[in-house]
Chemist: 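One structure is given below, represented as structure tokens, and several questions about it will come after.
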Amino acid sequence: MAERRSDDSARERGRGGGRPPRSDGSRPTRGGADRPDRRPREGAARDDRPRHDDPPIPEEITARDLNGPARNELKTLSKENADQVARHLAMAARLIDDDPALAHRHALAASRRAGRIAIVRETVAITAYATEDYALALRELRTYRRISGKDDQIALIVDSERGVGRPDRALEVGRSVDRSALPVPVRVELAIAMSGARLDLGETERALTELDIPELDPDRAFEWSPALFAARAAVLEELGRTDEADVWQRRAEIAAEALDDASGAADLETIVIEDTVIDDGPVEGDRS
């Protein structure tokens, strides 16, 4: 799994399945029975019980239930281990919306087996975020970013900084990346997260400015449009500009409906919105 970009990636929040791994994916060994020099004496009984309470995986879930690009990241593992990790990641992706805590347990189980794999650490971060364990999400996101060299989860990092009560730090992190180099959906997510950090600081006017980006097009619907329109509506509401807030909230609903209606279409890149509800002309102060 890799957003909530929720193809086959997962975003989970929170701690749900035991003590998290170290940044390199290993488990603490000080004084533990898993130290390399702590081998059982010859003839001594061996304890073959699992060392961790990994959640069970239904037999019908196979490694192929994880998307291809994610499975490719597991090729450095043995086949048996790769298959088991893939199955845990597939379960995390499947459960993220309905049972994020259980999804997180599957992510942690994958991390115990493959803690050095970027997609695994990303999944732990996303599921931790989904269960509102923002400190763990932040730690895992930093590890994912270091391993992968990617900024595609920068918005989640900003939001996690907000979650641990550091909006100033959130803004600093958001400003540290080159937005022009980000994919458009990530750039939009970052704008929304930065706007939220401004709201946390009571900077409502600046929160609105963070959303003044080229992707704020009321006449066309993209995958990011409903969230962006709704974020603008929320800030306008905070500013007491309720009429404008209602307009943008309705636009968010129309965009979401248009995207749902076109979900079976071959080309979902752009959908033109014919807004028949808003017929009073532009609202004063509105960008459209």
Chemist: Would R121 and E73 pass as an ion pair if we require N to O under 4.0 Å?
Modeler: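 Salt bridge flag = no for E73 with R121.
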Chemist: Roughly how far, to the nearest 0.5 Å, is OG1 of T123 from CG of L66?
Modeler: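 Between atom CG of L66 and atom OG1 of T123 there are 8.0 Å.
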Chemist: With a 4.5 Å cut-off on side-chain heavy atoms, are L136 and H104 touching?
Modeler: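 With C-beta onward as the side chain, the pair touches.
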Chemist: Compare every heavy atom of L77 with every heavy atom of A114, then report the nearest pair and how far apart it is.
Modeler: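 Taking every non-hydrogen atom into account, CB-CD1, 3.7 Å.
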Chemist: Answer whether the closest heavy-atom distance between the side chains of L199 and T204 falls below 4.5 Å.
Modeler: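 In contact.
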Chemist: Any side-chain heavy-atom pair from R198 and E205 closer than 4.5 angstrom?
Modeler: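 No, their side chains stay 4.5 Å or more apart.
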Chemist: Got a second to check how far E237's CD is from T242's OG1, nearest 0.5 Å?
Modeler: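 Those atoms lie 6.5 Å apart.
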Chemist: Any heavy-atom pair between the side chains of L208 and R241 that's under 4.5 Å?
Modeler: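 Yes, their side chains come closer than 4.5 Å.
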Chemist: Could you give me the CA-CA distance, side-chain angles and deciding distance for F229 and L216, then say whether side-chain contact (heavy atoms from CB on, under 4.5 Å) is met?
Modeler: CA-CA 7 Å; F229 295 171; L216 190 73; 3.9 Å; yes
Chemist: Enumerate the residue pairs fulfilling ring-ring contact (aromatic ring centres under 6.0 Å, His included) with a member in residues 66-100, sequence neighbours excluded, ordered by first and then second residue.
Modeler: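 Checked against ring-ring contact (aromatic ring centres under 6.0 Å, His included) - neighbours excluded - the pairs reaching residues 66-100 are H88-H106.
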Chemist: Test: ring-ring contact (aromatic ring centres under 6.0 Å, His included). Region: residues 165-212. Which pairs qualify, not counting sequence neighbours?
Modeler: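 ring-ring contact (aromatic ring centres under 6.0 Å, His included) check on residues 165-212 returns no pairs.
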Chemist: Do any N or O atoms from the side chain of R105 and from the backbone of D53 form a donor-acceptor pair under 3.5 angstrom?
Modeler: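 It does hold such a pair.
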Chemist: Are the side chains of R232 and V235 in touch, meaning some heavy atoms are under 4.5 Å apart?
Modeler: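 No, side chains not in contact.
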Chemist: Of all the heavy-atom pairs spanning V177 and G174, show the shortest one and how long it is.
Modeler: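 That closest heavy-atom pairing would be CG2-O, 3.4 Å.
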Chemist: Please round to the nearest 0.5 Å and tell me the distance separating atom CG of L138 and atom CZ of R162.
Modeler: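 L138 CG to R162 CZ: 13.5 Å, rounded to 0.5 Å.
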Chemist: For the pair S111 (side chain) and L108 (backbone), establish whether a donor and an acceptor sit closer than 3.5 Å, ignoring hydrogens and angles.
Modeler: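 It does not hold such a pair.
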Chemist: To the nearest 0.5 Å, what is the distance between CG on D243 and CH2 on W248?
Modeler: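 Going from the CG atom of D243 to the CH2 atom of W248 covers 15.0 Å.
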Chemist: D99: which residues meet the salt bridge (Lys or Arg N to Asp or Glu O under 4.0 Å) condition with it, sequence neighbours left out?
Modeler: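 If we apply the salt bridge (Lys or Arg N to Asp or Glu O under 4.0 Å) test to D99, skipping adjacent residues, there are no hits.
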Chemist: Is a salt bridge present between D54 and R112, judged by a nitrogen-to-oxygen distance below 4.0 Å?
Modeler: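 Salt bridge: yes.
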Chemist: Please check: side-chain N/O of D65 versus main-chain N/O of T62, any donor-acceptor pairing under 3.5 Å?
Modeler: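 Confirmed, D65 side chain pairs with T62 backbone.
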Chemist: Apply salt bridge (Lys or Arg N to Asp or Glu O under 4.0 Å) to E238 and list each qualifying residue two or more places apart in sequence or on a separate chain.
Modeler: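 Residues passing salt bridge (Lys or Arg N to Asp or Glu O under 4.0 Å) with E238: none at all.
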Chemist: Are the side chains of I117 and I147 in touch, meaning some heavy atoms are under 4.5 Å apart?
Modeler: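 No; the side chains remain at least 4.5 Å from each other.
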Chemist: Can you check whether Y144 reaches Q153 side chain to side chain, under 4.5 Å on heavy atoms?
Modeler: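 In contact.
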Chemist: Can you tell me how far CZ of R87 sits from CD of E59, rounded to the nearest 0.5 angstrom?
Modeler: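 Separation between the atoms: 8.0 Å.
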Chemist: Start with the C-alpha gap between R206 and M194, add the side-chain angles, then the distance that decides, and say whether side-chain contact (heavy atoms from CB on, under 4.5 Å) holds.
Modeler: CA-CA 10 Å; R206 298 184 75 177; M194 296 287 280; over 6 Å; no
Chemist: Using a strict threshold of under 4.0 Å (side-chain N to carboxylate O), is an ion pair present between D152 and R145?
Modeler: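 No, no charged N to carboxylate O under 4.0 Å.
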Chemist: Taking all non-hydrogen atoms of both residues into account, name the closest pair between S195 and A207 and its distance.
Modeler: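 Residues S195 and A207, closest heavy atoms: OG-O, 2.8 Å.
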Chemist: If you define the side chain from C-beta out and look only at heavy atoms, does anything of L74 sit under 4.5 Å from I119?
Modeler: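 Side chain of L74 against side chain of I119, heavy atoms only: contact under 4.5 Å found.
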Chemist: Among residues at least two apart in sequence or on other chains, which ones pass salt bridge (Lys or Arg N to Asp or Glu O under 4.0 Å) with E215?
Modeler: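 If we apply the salt bridge (Lys or Arg N to Asp or Glu O under 4.0 Å) test to E215, skipping adjacent residues, the hits are R187.
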Chemist: Sequence neighbours left out, what passes side-chain hydrogen bond (donor to acceptor under 3.5 Å, both in side chains) with S180? Give chain and number order.
Modeler: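 Applying side-chain hydrogen bond (donor to acceptor under 3.5 Å, both in side chains) to S180 gives D178.
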Chemist: Can you give me the closest heavy-atom contact between A137 and S160, atom names plus distance?
Modeler: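 Distance-wise, the nearest heavy atoms are CB-OG, 3.8 Å.
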Chemist: Minimum heavy-atom separation for V158 to A170, with atom names?
Modeler: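 Closest approach of V158 to A170, heavy atoms only: O-CB, 3.4 Å.
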Chemist: Give, for atom CZ of R113 and atom CG of D83, the distance between the pair rounded to the nearest 0.5 Å.
Modeler: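 Output value for this atom pair is 10.5 Å.
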Chemist: Ignoring hydrogens and geometry, is there a side-chain-to-backbone donor-acceptor pair from S78 to N81 under 3.5 Å?
Modeler: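 Looks like yes, one N/O pair under 3.5 Å.
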Chemist: Decide if atom CZ of R175 counts as having more than 12 heavy atoms of other residues, nucleotides or ligands within a radius under 6.0 Å.
Modeler: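 It does: R175 CZ has more than 12 such atoms within range.
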